[in-house]
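Following: one structure in structure tokens, then a few remarks.
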Amino acid sequence: MCTNLVGFMFFRGYLPGKLYDLGSSKYGSEQQLKDAVNAFHQKGIGTVGDIVINHRCGTKQDDEGYWCVFEGGKGDGSLDWSPWAVTVNDKPFPCGSGHADTGADYIEAPDIDHTNSFIQADLSEWMNWLKSNVGFDGWRFDFAKGYAGNLLGGYIQNTSPKFAVGEVWDDMAYGSDSRLAYDQNAHRQRLVDWVHSTGDRAAAFDFTTKGVLQEAVKSSELWRLKDSNGKPAGMIGVLPQKAVTFIDNHDTGSTQNMWPFPSDKLLQGYAYILTHPGIPTIFYDHFVDGNLKWEIQNLMAIRNRNNINANSNCRILTAEGDLYMAAIDEKIVMKIGPRYDVGKLAPPYPEYRIAASGNDYCVWEKNSYSAE
């Protein structure tokens with residue numbers, strides 16, 4: 001929480017203070033950040049900046065003792081704000097005189113009034129500075145449910161990133177037995193509605209697919225992966241071109257471990273998202289794990305050489321307790337689940353060959369798309 005421990009808060013990326021001061025982070029200096037971005041660019045890889053603007057930590061106290069006086073860190077008045085920048089009746093920071101919050105409360109720091117045109121211009125200028133000064137190509141918006149999607153869409157419109165994605169993490173549906181419900185249509189529809197609220201300028205992390213997939217593999221309930229219309233049960237089943245799929249991230253896994261994917265099922269998870277429509281991501285912790293890296297790279301290669309993309313067609317062949325199989329663009333066939341003998345569902349040889357296999361997963365591809 002933002003307190004008088006001002007020095008401490010600057011070391012935490014998710015409680016930002018002086019936004020122009022990129023040298024106050026424990027993660028490295030401004031020059032090291034620029035060098036890292038440049039190294040990626042030299043390899044033809046774009047970089048995405050983590051934009052934490054829903055809330056902000058002040059550097060000074062106001063007349064009531066709240067840390068609601070902000071300094072931008074540039075020395076010219078940019079991003080220097082006072083309590084007028086904080087939403088009115090913010091909890092637990094009742095220092096603000098701005099407009100009412102347009103989203104969810106963030107209890108660790110004062111919520112910023114994004115309806116204010118001065119704030120919109122100030123933050124847009126800062127984000128454009130991140131593009132020109134650091135070299136970021138896109139944005140990942142943290143805690144995107146904290147302010148209205150149309151306001152977030154405005155920041156995208158003002159900064160023209162090559163890619164933008166929002167973190168909209170809310171509760172899934174659970175039954176009376178406290179287990180994850182089969183029907184998650186309402187959950188994924190909220191993600192779709194949020195994307196549309198941005199003017200379709202942003203994609204969204206597909207938390208629905210994450211939740212359904214990890215429950216399905218953990219409990220051998222792979223029938224969960226097929227919705228009532230025969231489509232994938234997550235956001236990828238309704239708006240795949242805007243669905244960013246993932247297995248874990250810094251919140252759900254790693255040291256925080258708030259909602260982890262079953263550690264012994266990770267490759268089943270990657271066999272699913274790296275063969276399916278949507279925009280798949282790979283968690284850094286998993287990619288650098290020597291026990292996972294080669295198999296993840298092989299699945300990536302299969303996706304790339306078969307031109308599987310966000311809009312690829314997914315034809316689910318079966319979704320039972322111990323077996324899920326799907327054909328993607330009729331170029332590859334994949335299976336996950338403990339059932340070894342898939343019978344007549346196996347694609348015919350020699351038209352197809354096994355391109356990847358491991359613990360409870362297998363991917364076949366047509367020989368015409370196989371690597372030489």
Side-chain angles (χ1 to χ4, degrees), residues 1-2 12-17 19 48-58 66-68 70 79 81-124 126-127 138-159 161 164-173 186-208 210-211 235 239 242-244 249-252 258-259:
M1 179 178 288
C2 291
R12 298 186 58 189
Y14 289 95
L15 289 176
L19 295 179
V48 176
D50 201 348
I51 303 300
V52 186
I53 56 175
N54 168 73
H55 51 273
R56 191 178 175 195
C57 287
Y66 292 103
W67 292 85
C68 292
F70 310 92
L79 293 175
W81 304 337
S82 297
W84 55 262
V86 178
T87 57
V88 69
N89 297 326
D90 185 40
K91 298 177 181 178
F93 298 94
C95 56
S97 58
H99 292 92
D101 203 342
T102 58
D105 278 330
Y106 186 83
I107 64 172
E108 298 292 333
D111 286 347
I112 299 303
D113 176 14
H114 288 279
T115 67
N116 186 307
S117 59
F118 181 84
I119 288 175
Q120 294 170 9
D122 232 7
L123 287 172
S124 296
W126 169 69
M127 292 169 67
W139 311 128
R140 178 253 185 201
F141 288 91
D142 177 69
F143 201 72
K145 67 179 183 179
Y147 50 109
N150 67 300
L151 299 174
L152 185 147
Y155 292 119
I156 298 173
Q157 189 173 27
N158 292 342
T159 58
V165 59
E167 178 203 33
V168 184
W169 185 4
D170 64 1
D171 292 336
M172 300 185 73
H187 186 268
R188 67 179 178 182
Q189 188 59 47
R190 289 195 295 274
L191 293 176
V192 171
D193 292 344
W194 180 84
V195 167
H196 292 332
S197 75
T198 72
D200 291 330
R201 296 184 179 95
F205 286 109
D206 190 351
F207 281 94
T208 316
K210 151 80 169 166
M235 185 183 175
L239 194 66
K242 292 292 185 179
V244 177
N249 61 31
H250 63 289
D251 288 321
T252 67
M258 296 167 65
W259 196 37

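Just so it is clear, the values below take in all heavy atoms, side chains as well, and ignore hydrogens, waters and symmetry mates. Residues: numbered from 1 along the sequence shown.
Heavy atoms of other residues, nucleotides or ligands lying less than 6.0 angstrom from CG of Asp200 number more than 12.
To the nearest 0.5 Å, atoms CG (Leu151) and OG1 (Thr102) are separated by 5.0 Å. Rounded to the nearest 0.5 Å, atoms CD1 (Ile119) and CZ (Arg56) are 9.0 Å apart. Expressed to the nearest 0.5 Å, how far OH of Tyr147 lies from CD1 of Ile53 amounts to 3.5 Å. Note that the CH2 atom of Trp194 and the CG atom of Asn150 stand 11.0 Å from one another [nearest 0.5 Å]. Considering CZ of Phe118 and CG of Asp113, their distance stands at 12.5 Å, rounded to 0.5 Å. Here the straight-line distance linking atom OH of Tyr106 with atom OH of Tyr14 works out to 9.5 Å at 0.5 Å rounding.
Side-chain contact between Met172 and Phe207 is absent, with no heavy atoms from C-beta onward closer than 4.5 Å. Side-chain contact between Phe70 and Ile112: present, with at least one pair of heavy atoms (C-beta onward) separated by less than 4.5 Å. A 4.5 Å side-chain heavy-atom check between Asn249 and Thr252 finds at least one atom pair inside the cut-off. Counting heavy atoms from C-beta on, the side chains of Tyr66 and Val86 never come closer than 4.5 Å.
Aromatic rings from Phe93 and His55 are positioned such that their centres are separated by 6.0 Å or more.
Ala204 approaches Val195 most closely through the heavy-atom pair CB-CG2, 3.8 Å. Across all their heavy atoms, Asn54 and Ala104 have their closest contact at OD1-O, 4.4 Å. The two residues Ala203 and Val244 make their nearest non-hydrogen contact at CB-CG2, 3.9 Å. Minimum interatomic distance between Asn158 and Ser124 (heavy atoms only, all atoms of both residues): ND2-OG, 3.0 Å. For the residue pair Pro92 and Ile107, the shortest heavy atom distance occurs at CD-O, 3.3 Å. Taking each heavy atom of Ser197 and Gly149 in turn, the nearest pair found is OG-CA, 3.3 Å.
For the pairing with His114, the side-chain contact (heavy atoms from CB on, under 4.5 Å) check across Leu123, Leu152, Asp101 returns one residue only, Leu123. Looking at Asp122, Ile51, Ile156 one by one, the single match for side-chain contact (heavy atoms from CB on, under 4.5 Å) with Met127 turns out to be Ile51.
In this structure a side-chain-to-backbone donor-acceptor pair under 3.5 Å is missing from Glu167 to Ala144. A donor-acceptor pair is defined here as one N or O able to donate and one able to accept, closer than 3.5 Å; such a pair exists between the side chain of Lys145 and the backbone of Trp169. In terms of modelled atom types and a separation under 3.5 Å, the side chain of Thr87 and the main chain of Asp90 share no donor-acceptor contact. Counting only distance, with no hydrogens or angles, the side chain of Lys210 and the backbone of Trp259 share a donor-acceptor pair below 3.5 Å.
Pairs engaging residues 187-199 under the salt bridge (Lys or Arg N to Asp or Glu O under 4.0 Å) rule: Asp170-Arg190, Arg188-Asp227 [sequence neighbours left out].
There is no side-chain donor-acceptor pair under 3.5 Å between Asn116 and Trp84.
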Review point. Hey, mind stepping through Val165 and Phe205 against side-chain contact (heavy atoms from CB on, under 4.5 Å) and telling me if it holds?
Key: CA-CA 7 Å; Val165 59; Phe205 286 109; 3.8 Å; yes

